[in-house]
There are 2 protein chains.
Amino acid sequence: MNVPKKIFIKEVGPRDGLQNEETALSTADKITWIDMLSQTGLSYIEITSFVHPKWIPALSDALDVAKGINRKPGVTYAALIPNRKGLERALEGGIDEASVFMSASETHNRKNINKSIGETLPVLQEVTGTAKQAGLTTRAYLSTVFGCPYEHHVPLEQIIRLCDALFDMGIDELSLGDTIGAANPVQVQKVLDVLLKRFPKESFALHFHDTRGMALANMITAMDMGITVFDASCGGLGGCPYAPGATGNAATDDLIYMCAQMGIETGVDLSKLLSAAKWIEDKTGRELPSRNLQAAKSKNCFS
Amino acid sequence: MNVPKKIFIKEVGPRDGLQNEETALSTADKITWIDMLSQTGLSYIEITSFVHPKWIPALSDALDVAKGINRKPGVTYAALIPNRKGLERALEGGIDEASVFMSASETHNRKNINKSIGETLPVLQEVTGTAKQAGLTTRAYLSTVFGCPYEHHVPLEQIIRLCDALFDMGIDELSLGDTIGAANPVQVQKVLDVLLKRFPKESFALHFHDTRGMALANMITAMDMGITVFDASCGGLGGCPYAPGATGNAATDDLIYMCAQMGIETGVDLSKLLSAAKWIEDKTGRELPSRNLQAAKSKNCFS
């Protein structure tokens, strides 16, 4: 097994987590939580989404959140940006990195963005181009890489074609998403085997969901192939939009614990991260799916 | 990644699961559940424990359960046997396989069995010897192989010494237990690397807990090294005795789903297994930790 010395965690809880939670959080609570996350040692936090409030009412306070947080030097504060108008608000909020998004499958892209893939690409090009001119770094999410809830299998040729298109735009990092949480280690190996022959491994992040419990298994497979950047959500916050009640994002807590045990540096303090997870669990009022959070709630567990 | 064509699942829910559940099940319910499990395609079910009822009151009806179930041809029905007296009751109950147990760490063995390791080995020898004479196959559980809640690290030399002692007794299979659910893939690789140089890989089963979410990651690591026998519990039934509220046994459901996706044969029907998981979840009255069970409860999830 090829184990990296260090991995980089992109904390997506405040955006990908909160946008899928039923309980609405106050702006002040979001700011408090993001500030807690900033103190854990995380070097990257996606704090909100500048999509139209009509689509994600839970994040309609994006600008207030962006303006309200305490920026910790060395931490990159990113946000999801759907279009030129969203970017303008993000720039006003002083965001460091602009994340654009699209799906690898036509049907999911239409249901999620209300555009065809062909119509989406020029919008992403405009946003990333303008963001770069404004001095921001850029990231793209490519969803449904490991399966689509409507089309099921997504051909690798289609994924390659969209990776080409996104890298041609000058994207700094591409996050490959297991949107439905059904990717398995063999599939991860097959997909990466093809992509890493064409693109440098440093240009990818992997975004797994733990819907079927395979997130960490998929991550060690990806690490074994040279991937060192992973998206995760504190506490495993955020449900699965395709299976209400099921687990969504991989828990940052579980990833950090595994890495610590395996001698992989993350730079994150597990105890502080678990405190942030417990804090947001209390706010949501539901038991979050992070295994380590539930274990840590018993004082005997880390004995 | 070395992926086996087929793995064998040892279902331990009715014993290891129920002994750690707070809600007491009626004997009739246990029998109904075991009969449901027999119909899923599982080839091995550990149905109860013949320890003294004083130690595990939840399984005090061991003999009634053993006598009450409908034996499906081709399925091995096993039970945990602590001593000669327990074996006599198990033989009366018509058990197919006798499972003995001990810990790799002295303190855990004393706390669990109330004997030193030195005092335990002759008892196990007597039970397995008598069981074999009676025509039963035998299995041994070695707990705390990947960590002890009292002594923390357990030296590999100690594990080798106990594997030697157990195989010398003529044990048919040795199940290596991650009792506190803290094993990680690198550690699994290190331990197996040493053990598989000394003992045939067919003689081991791996028994992981999902307390920190690493069960499936550990299993694919073990599969990669040639292990094909895994213990698991339907629905992930059974808590962690060292962290009340935390996850215990790896969920059979999650293992089967991952295998199905990876093209590994298990012989188990996922849909039937999930029905059995849902049934026992309703009986326990608490949400079980299996990720697939929670996902399956949404009808859209398997779309």
Side-chain angles (χ1 to χ4, degrees), chain A residues 1 3 147 149-150 152 180-189 210-221 223-225 236 239-247 250-251 253-255 257-264 287 289-303, chain B residues 1 3 147 149-150 152 180-189 210-221 223-225 236 239-247 250-251 253-255 257-264 287 289-303:
Chain A
M1 196 190 312
V3 176
Y150 311 107
H152 307 280
I180 58 170
N184 66 75
V186 165
Q187 186 188 16
V188 170
Q189 193 177 41
D210 202 34
T211 319
R212 277 85 172 185
M214 290 181 282
L216 293 184
N218 289 332
M219 286 185 195
I220 62 159
T221 305
M223 285 181 206
D224 191 34
M225 299 186 75
C240 174
Y242 309 101
T247 299
D253 343 10
D254 291 339
L255 175 56
Y257 181 88
M258 181 174 78
C259 286
Q261 296 298 105
M262 289 170 66
I264 301 169
E287 199 167 270
S290 155
R291 299 294 198 207
N292 276 279
L293 173 59
Q294 301 315 321
K297 279 153 69 182
S298 155
K299 65 175 176 173
N300 297 322
C301 199
F302 291 107
S303 64
Chain B
M1 196 190 311
V3 177
Y150 311 106
H152 307 280
I180 58 170
N184 67 75
V186 165
Q187 187 187 16
V188 170
Q189 194 178 39
D210 202 33
T211 319
R212 277 86 171 184
M214 290 180 283
L216 293 184
N218 289 331
M219 286 186 195
I220 62 158
T221 304
M223 285 181 205
D224 191 35
M225 299 187 74
C240 173
Y242 309 102
T247 299
D253 341 12
D254 291 340
L255 175 56
Y257 181 87
M258 181 175 78
C259 287
Q261 296 298 105
M262 289 170 66
I264 301 169
E287 200 168 269
S290 155
R291 299 293 198 208
N292 276 279
L293 173 59
Q294 300 315 322
K297 280 153 71 181
S298 155
K299 64 176 178 175
N300 297 321
C301 198
F302 291 108
S303 64

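In what follows, every chain begins at residue 1, and chains take the letters A, B, ... in the order their sequences are listed. A quick note: this is a predicted structure, and the numbers were derived from the prediction, not measured.
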For the residue pair [X] and [Y], establish whether any side-chain heavy-atom pair is separated by less than 4.5 Å.
X: B/Thr221; Y: A/Ile220; result: yes
X: B/Thr211; Y: A/Arg291; result: no
X: B/Gln294; Y: A/Thr247; result: no

Check the pair B/Leu216, A/Leu216 against side-chain contact (heavy atoms from CB on, under 4.5 Å), reporting the backbone distance first and the verdict last. CA-CA 8 Å; B/Leu216 293 184; A/Leu216 293 184; over 6 Å; no
With a 4.5 angstrom heavy-atom cut-off, which part of B/Asp224 approaches chain A: side chain, backbone, both or neither? neither
Using non-hydrogen atoms and a 4.5 Å limit, figure out which bit of B/Gln189 sits close to chain A: side chain, backbone, both or neither. side chain
Which portion of A/Ala182 sits near chain B, non-hydrogen atoms under 4.5 angstrom: both
Is A/Asn218 in contact with chain B via its backbone, its side chain, both, or neither, using a 4.5 Å heavy-atom distance? neither
Highest number of heavy-atom pairs under 4.5 Å with chain A among B/Ile264, B/Val186, B/Leu293, B/Leu255 belongs to B/Val186
Over all atoms of both residues, closest heavy-atom pair of A/Ala246 and B/Ala295: CB-CA, 3.5 Å
Output yes when B/Asp254 and A/Arg212 qualify as a salt bridge under the 4.0 Å nitrogen-oxygen rule, no when they do not. no
Measuring from B/Met214:CE to A/Met262:CE, what's the distance to the nearest 0.5 Å? 9.0 Å
